[in-house]
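This report refers to the structure that appears directly beneath it.
Every chain is numbered from 1, with letters handed out A, B, ... down the list of sequences.
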2 protein chains.
Amino acid sequence: MMEELPHRYAPVAVTVDVVALTIRDRRLQVLVAERDAGPYAGSRALPGGFIRPEEELAEAAVRELGARPAHLEQLASYGGPGRMRVLSVSYLAFVPHLPRPRAGAAWHPADDLPPLASDHARIVADGVERARAKLEYTPLASAFAGDTFTISELRQIYETVWGTRLHPGNFHRKVLSVPGFVEGTGATTRTGGVRGGPRARLYRAGDARLLHPPLLRPGSAGTAPDRSPGRW
Amino acid sequence: MMEELPHRYAPVAVTVDVVALTIRDRRLQVLVAERDAGPYAGSRALPGGFIRPEEELAEAAVRELGARPAHLEQLASYGGPGRMRVLSVSYLAFVPHLPRPRAGAAWHPADDLPPLASDHARIVADGVERARAKLEYTPLASAFAGDTFTISELRQIYETVWGTRLHPGNFHRKVLSVPGFVEGTGATTRTGGVRGGPRARLYRAGDARLLHPPLLRPGSAGTAPDRSPGRW
DNA sequence: CCAATAGTGTCTGTGAGACATTATGTT
DNA sequence: AACATAATGTCTCACAGACACTATTGG
């Protein structure tokens with residue numbers, strides 16, 4: 001079925017902006033691009049750009065990111081007259097390791113960002129909060145890790161994204177008790193920790209897509225998933 | 001700063017489509033509009049239309065809905081080449097009572113919808129799932145009720161949206177134990193239930209915006225095989 | 001009287017968190 | 001030797017769910 005192009009309505013320019021998160025130096029970091037042209041030239045902004053006629057929204061996000069993330073999901077759309085007829089569809093991406101960012105882009109700590117164009121700072125805040133909530137009830141923390149990882153490495157991911165310390169023993173038992181969260185590889189690390197300790201067992205991501213029961217953020221007051229983008 | 005209109009990029013037509021939910025006849029119902037013009041004339045679709053230059057996205061959603069909902073939040077955006085350069089930003093609305101739908105629109109049970117245009121059936125599915133999740137950790141169930149309501153009425157809302165039966169006694173105690181969920185009015189219903197029983201106390205929505213601890217859906221918890229014979 | 005409902009009490013299993021313990025590594 | 005870490009065990013508290021029970025209303 002073909003939808004006729006409604007040219008009698010004022011057209012809108014649609015961009016895709018990506019909140020790409022990784023963990024580097026034990027900090028949650030966001031990919032920030034330098035704008036080399038346009039009215040915001042010289043300033044910084046999220047990686048993004050105008051969508052092309054033949055591509056899906058998610059494809060545009062991957063193209064603007066310049067790499068295939070371990071996880072990608074839509075965040076929200078931001079429009080309104082304050083944006084001069086530019087509608088931004090934002091995406092959240094989890095990127096493992098430290099891929100070298102494409103030219104003109106650099107990682108910045110999520111809690112120490114430079115000034116960003118438009119309302120991108122708010123988009124980042126929405127993305128970080130979404131990421132924190134996602135770790136509670138999905139196994140996506142492993143999207144920040146390599147193919148195999150130890151329970152301690154997984155715990156560090158949680159601690160970094162949530163900004164809290166977690167009890168190592170309880171975390172260990174909890175992760176292994178959730179079906180499908182991780183599965184053992186039979187292997188262990190080649191050496192103990194930097195400061196000693198036995199070799200840790202290596203795990204890979206399991207096949208669960210949701211965690212039952214979830215790993216709840218400590219500090220009982222406070223955390224609830226907020227999937228609603230924008231108050232209106 | 002002014003953002004220059006990037007006319008060198010192919011423009012896109014942006015619509016806002018609303019998944020409006022209410023509870024009628026103890027069923028979750030969705031507002032469906034008749035399309036009176038355009039390529040889908042005669043078919044049904046979600047209430048929606050093209051955004052206007054001077055309005056916010058949420059304003060457009062309220063305008064297309066034709067009424068101010070008790071709750072409104074953005075759902076997601078749907079684009080891609082399969083939609084012929086029409087990008088749809090969808091919204092989820094909770095509507096209390098049974099306001100008379102505007103001309104050309106009618107309520108349909110969410111689990112028995114007529115064929116809808118484009119991918120609107122999927123948008124409805126996304127909206128219903130979002131609504132179910134929202135009831136778990138927000139007090140928004142009261143958005144389906146009147147100004148005051150009984151605990152039983154609140155429970156019926158949960159049962160209808162979730163499609164499950166809930167234990168009356170446990171639900172009662174749970175709701176009253178969550179701070180800020182409901183607050184008593186001091187009044188009671190004028191009569192008992194249709195089939196008897198004492199007069200129920202009336203409550204109004206409290207000031208909490210999040211429920212902690214949340215009301216979890218039964219069935220989602222408990223990975224172990226269901227050992228309880230009595231199913232509520 | 002009978003049935004249905006409002007509201008409360010009580011018990012139990014589960015799980016989170018605090019803390020302890022043992023084994024195994026590194027410096 | 002000293003210490004950090006991996007992994008597991010134990011205890012307690014909170015809470016969800018099952019179940020019981022009383023009081024109050026309509027038919």
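- Here B:R155 reaches the OP1 or OP2 of C:dA6: one of its side-chain N or O atoms lies under 4.0 Å away.
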Check the pair A:D25, A:W107 against side chain to side chain contact (heavy atoms under 4.5 Å, CB included), reporting the backbone distance first and the verdict last. CA-CA 11 Å; A:D25 301 334; A:W107 294 107; over 6 Å; no

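- Counting any heavy atom pair closer than 4.0 Å across all strands shown, A:P168 reaches no nucleic acid atom.
- A:R195 has no side-chain polar atom (N or O) that falls below the 4.0 Å cut-off from OP1 or OP2 of D:dC3.
- Considering only side-chain N and O atoms, B:K174 lies under 4.0 angstrom from the phosphate OP1 or OP2 of D:dA16.
- Remark: the B:S77 side chain and the A:S77 side chain contain an N/O donor-acceptor pair separated by less than 3.5 Å.
- Between C:dA6, C:dC19, D:dG17, one nucleotide has an atom nearer to the side chain of B:N170 than all others, and that is D:dG17.
- Contact annotation: A:S177 does not reach the phosphate of C:dG15 (side-chain N/O to OP1 or OP2, under 4.0 Å).
- Applying the 4.0 Å criterion to OP1 and OP2 of C:dT8, one finds that B:R173 has every side-chain N and O outside that range.
- In this structure, A:R201 reaches the sugar-phosphate backbone alone: every heavy-atom distance under 4.0 Å involves primed, P, OP1 or OP2 atoms, never a base.
- DNA chain D is contacted by both B:P198 and B:P214; B:P214 maps to the nucleotide lying nearer its 5′ end (nearest heavy atom per residue).
- Proximity of B:H172 to the phosphate of C:dA6: no side-chain N or O atom is located under 4.0 Å from OP1 or OP2.
- Note on A:T150: nothing from the nucleic acid sits closer than 4.0 angstrom, heavy atoms only.
- At the heavy-atom level, B:G197 lies under 4.0 Å from base atoms of the strands shown.
- In this structure, A:S152 reaches the D:dA6 phosphate: one of its side-chain N or O atoms is under 4.0 Å from OP1 or OP2.
- Checked for salt-bridge contact, A:D126 and A:R130 miss the test: no charged N lies under 4.0 Å from a carboxylate O.
- Remark: P of D:dT10 and NE2 of A:H167 are 16 Å apart, rounded to the nearest angstrom.
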